[in-house]
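A, B, ... follow the sequence lines: proteins, then strands. Residue 1 opens every chain. It should be emphasised that the depicted structure is a prediction, and the values quoted were computed from it without experimental measurement. Hydrogens, waters and symmetry mates play no part in the numbers below; they use all other heavy atoms, side chains included.
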Amino acid sequence: MTVKTRFAPSPTGFLHVGGARTALYSWLYARHHNGSFVLRIEDTDLERSTQQAIDAIIESMKWLGLSWDEGPFYQTKRFDRYNQLIDEMLADGRAYRCYCSKERLEQLRQEQMARGEKPRYDGHCRCCQEEHSPDEPCCVRFRNPDEGVVHFHDHIRGDVEIANSELDDLVIRRTDGSPTYNFCVVVDDYDMGITHVIRGEDHVNNTPRQINIYKALGAQVPEFAHVSMILGDDGAKLSKRHGAVSVMQYRDDGYLPEALINYLVRLGWGSGDQEIFTLDEMIEKFSIDHVSKSASAFDTNKLKWMNRHYIQTLDPEYVASHLEWHMKDQGIDCSHGPKLSAVVKALAERAETLKDMAQQSRYMYEDFTEYDAAAVKKWFKANTGEVLDRCLEKLQQVSQEDWKAENLHPVVEQVAAEMEIGMGKVGMPLRIAVTGRGVSPGIDVTMELVGRARTLERIRQAREKLASA
RNA sequence: GGCCCCGUGGUCAAGAGGCCUAAGACAUCGCCCUUUCACGGCGGUAACUCGGGUUCGAAUCCCGACGGGGUCACCA
């Protein structure tokens, strides 16, 4: 049997990290077993589904690199199929028309709650179908079995059992004629030959009733695995108040897709003490049975650590391609200045995100007039004028083609030696003059990146500022 | 409230009855390195929710309590 999994989001909002992790697990499972992966958009809720959400989900999937083999399928395009099946079920009693008013249902619910019972449909319309005329408005309900228990083996949670007496006859076609989720998923997973349904924990309770529908349809019941939720740093349910929750937000905040994927795969799953996984390693080692049953808290700190790891270890050219996006996002024009891959190499150890990196490299592309006040206060001393003069003099002698960190480094050493002061007393004023700030990569590398003309000009500029102060 | 699920450091987790005096990672603290900021290196603090069983032996199996979450729609 060829494994076939799917990711089936409802397009009522962006793709959040919980959904992304479920998609990842589903994707990994398929890839691990050499199976295929389907993307299906569950848009039966006409009210809440939006094209914007569909676009955001697809963009997120692509950014993450979760490629699908089939789809995207849309449930709204399959209404004929669902209705055909519902009509067949209606014909032989596997489903029935329900004429109960919203008011009656509401009252029923109130009464049950008042009695401390679980609110559920009482099966009122199971009989007496002939009392109603065929054109009277009604919805259609699935005739759920009354007796027995539904049992299934969940690949993550183990054996789960729910008594049929806990279930009621759920609506499968609304009064407006549109089929509902619980029916559509079953039909789709059946029609599409899905062998393993990997989805969020919030669906465990739906599973038994869906299994009853599979059986009513004479369909083979697939395997199930329900992935637990992701919580915020504080252990509470993840929400906007926790900052980033959507995949696209992580892109915007400067995370590499590799980092998010690696973080997500480790959140709720582990393989020995390994933390870093290449995609191939994940595919090879991933096992759904080892996914944690308990909910896990999203730890942005660890994500940052992973992000740094990938910024440092991935091919600088590749990282630069992502950095370019952020440079544009920050409005920095990189057409004149160092190559982005060189920026990546210089800043990889000091930036936790690409957004950071873009901000930290601004002075390499743009001139400035303001200096970091705290840095100036701490490092600009009485001898700073002399330091800058001596540096300028020696730097001017370095030609454009020799303008490399290895040739720039001795300048700082020489000035420090000549003046009999520590390297920091030379490097820091120079750094502030060249970058305007107290933080940058090694001063030699920094000057190389800023470039000869800009470096010399900035030292002169600082010198003037000092003289006038 | 009914039903379902979950419970190892602050966080993610390893752990499948003896190898547990409980890995590793992130975070945190200290030291070292150091021209800034970082990186890096070394070391420290820190956990089996509780109570009963079963067993020669329990983090691991069973029961219960407590705590947390999910779900109870003509949403998905």
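Using a 4.0 Å heavy-atom distance criterion, Cys100(A) is classed as a base contact. Within the nucleic acid shown, Thr44(A) comes within 4.0 Å of sugar-phosphate atoms alone, with no base atom in reach, counting heavy atoms only. No contact: Gly422(A) has no heavy atom under 4.0 Å from any strand.
Not a single donor-acceptor contact under 3.5 angstrom links the side-chain atoms of Ser228(A) to the base of C6(B). Donor-acceptor pairing under 3.5 Å, judged by distance alone, is present between the side chain of Glu275(A) and the base of G24(B). For His290(A) against A13(B), no side-chain N or O and base N or O form a donor-acceptor pair under 3.5 Å. Side-chain N/O atoms of Asn206(A) and base N/O atoms of A76(B) include a donor-acceptor pair closer than 3.5 Å. With hydrogens and angles ignored, no donor-acceptor pair closer than 3.5 Å exists between the side chain of Arg157(A) and the base of C5(B). For C37(B), the base has a donor-acceptor partner in the side chain of Arg350(A) [N/O atoms by modelled type, under 3.5 angstrom].
The number of heavy-atom neighbours closer than 6.0 Å to CZ of Arg78(A), taken from other residues, nucleotides and ligands shown, is above 12.
Across the strands present, G1(B) finds its partner in C72(B); the criterion is a Watson-Crick or G-U wobble pair with both atom distances under 3.5 angstrom. Across all strands shown, C26(B) forms a Watson-Crick or G-U wobble pair with G10(B), both key distances being under 3.5 Å.
In the set C4(B), C74(B), U35(B), U35(B) carries the atom at the smallest distance from any side-chain atom of Arg431(A).
Taking syn as a glycosidic angle within 90° of 0, C39(B) qualifies as syn.
For the pair Lys302(A) NZ and G10(B) P, the computed distance is 16 Å after rounding to whole Å. Distance CZ (Phe298(A)) to P (A25(B)): 21 Å, rounded to an integer number of Å.
Projected onto RNA chain B by closest heavy-atom contact, Asp273(A) and Gly270(A) fall at different nucleotides, the more 5' of which corresponds to Gly270(A).
Taking the ring centroids of Phe7(A) and Trp68(A), they lie at or beyond the 6.0 Å cut-off.
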